[in-house]
Amino acid sequence: DHDVDCAGDYYGDAVVDECGVCGGDGIADGACDCDGNVEDCNGVCGGDTVADGCGVCGGDNSSCEAPEEFIYEQSTQQAYYYFYSATIEGVELEPDDWVGAFNGDICVGAKQWNTSLCSNGVCEVPVMGEAYDPNGDLYEFLEGYMTPGDIPSFKIFDASKNLYYDATPSEEHPWLNGQLFISELL
């Protein structure tokens, strides 16, 4: 009978949606199919490819390029400085911004400040120390890096403005190899 809708009501207005549900809402906002799947970064409905910390779809975090002043060498001697929040004049950093750690004018660690890739939004900055070869000689490429008791200074690179800012942590922690330090604010 042409006066009955899909719910069996005479002169009703229920129709079968694109998912085959009588009176349904169809594909949910943000979904790409009736099962509620979403597109991955490659545009594949229900796919599982994600963007890495450098923003590269399916990447392995190897393509990130640190700002020029934030290039540093890896060391076996390292500590991590965690910050609950990092701001420029009270405004939270953007995912493309960077935080660098320094001993004097030597960059000893850096991190792109994408809080979505940090543990519960709390990001850490690796801070490298001087290290020695098996003969007890300082590796030249680590000369001037942190030694126990040194207090690192920090800088922020604002990617949108291409500017560097000196940054002051809410707490100062003397560097010590293998330690984790937590501060409220940078």
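Bear in mind the structure is a predicted one, so any value in this text is a computation, not a measurement. Side chains included, hydrogens not; waters and symmetry mates left out as well; all remaining heavy atoms used.
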Donor-acceptor pair, side chain of E39 and main chain of G47, under 3.5 angstrom: no
Greater than 12 external heavy atoms within 6.0 Å of D29's CG: no
Heavy-atom pair with the smallest gap, counting every atom of A159 and D96: CB-O, 3.3 Å
Heavy-atom closest contact (E130 atom, L138 atom, distance): CB-CD1, 3.6 Å
Where A101 and V125 come nearest, the two heavy atoms and their spacing: CB-CG1, 4.0 Å
I156 side, atom CD1; E89 side, atom CD - distance, nearest 0.5 Å: 10.5 Å
Atom pair CE (M146) and CD1 (I151), whose distance is rounded to the nearest 0.5 Å: 8.0 Å
Inter-residue atom distance D40.CG - C45.SG, 0.5 Å rounding: 9.0 Å
Transitive ILVMFWY side-chain link Y80 to W175, under 4.5 Å: no
Side-chain heavy-atom pair Y81, P152 within 4.5 angstrom cut-off: yes
Contacts of Y164 that satisfy ring pair (Phe, Tyr, Trp, His ring centres under 6.0 Å) - sequence neighbours left out: F70, F157
Contacts of type ring pair (Phe, Tyr, Trp, His ring centres under 6.0 Å), residue Y165, not counting sequence neighbours: none
Shortest non-hydrogen contact from E18 toward C34: O-SG, 4.0 Å
Main-chain N/O of C19 paired with D17 side-chain donor or acceptor, under 3.5 Å: yes
Between CG on residue N120 and OH on residue Y84, distance to nearest 0.5 Å: 9.5 Å
Inter-residue atom distance D97.CG - T87.OG1, 0.5 Å rounding: 11.0 Å
Path from L117 to Y82 over hydrophobic side-chain contacts below 4.5 Å: no
CG (D133) with more than 12 external heavy atoms under 6.0 Å: yes
Backbone of L163 reached by a side-chain donor or acceptor of D158 within 3.5 Å: no
Reported CD-to-OG distance for the pair E92 and S85, which is rounded to 0.5 angstrom: 3.5 Å
Positive for ring-ring contact (aromatic ring centres under 6.0 Å, His included) with F154, one of F83, W98, F102, W113: F83
Show me the side-chain donor-acceptor pairs of residues 177-186 shorter than 3.5 Å, one per line, residues at least two apart or across chains.
{"from": "N177", "atom 1": "OD1", "to": "Q78", "atom 2": "N", "distance (Å)": "2.7"}
{"from": "N177", "atom 1": "ND2", "to": "Q77", "atom 2": "OE1", "distance (Å)": "3.0"}
{"from": "S183", "atom 1": "OG", "to": "E171", "atom 2": "O", "distance (Å)": "3.4"}
{"from": "S183", "atom 1": "OG", "to": "E171", "atom 2": "OE1", "distance (Å)": "3.3"}
{"from": "S183", "atom 1": "OG", "to": "H173", "atom 2": "NE2", "distance (Å)": "3.4"}

Contact summary for Q74 and L142, nearest pair of heavy atoms: O-CD2, 3.9 Å
Close side-chain approach of D5 to V15, heavy-atom, < 4.5 Å: no
Heavy-atom neighbours of D137 CG exceed 12 at 6.0 Å: yes
Test item: N37 side-chain N/O and G46 main-chain N/O as donor-acceptor pair under 3.5 Å: no
Heavy-atom closest pair, residues M128 and P126: CE-CB, 3.6 Å
Any side-chain heavy-atom pair of C107 and E69 under 4.5 Å: no
Side chain S75, main chain G129, donor-acceptor under 3.5 Å: yes
Main-chain N/O of Y11 paired with D3 side-chain donor or acceptor, under 3.5 Å: no
Beyond-backbone contact of Y145 with E73, side-chain heavy atoms, under 4.5 angstrom: yes
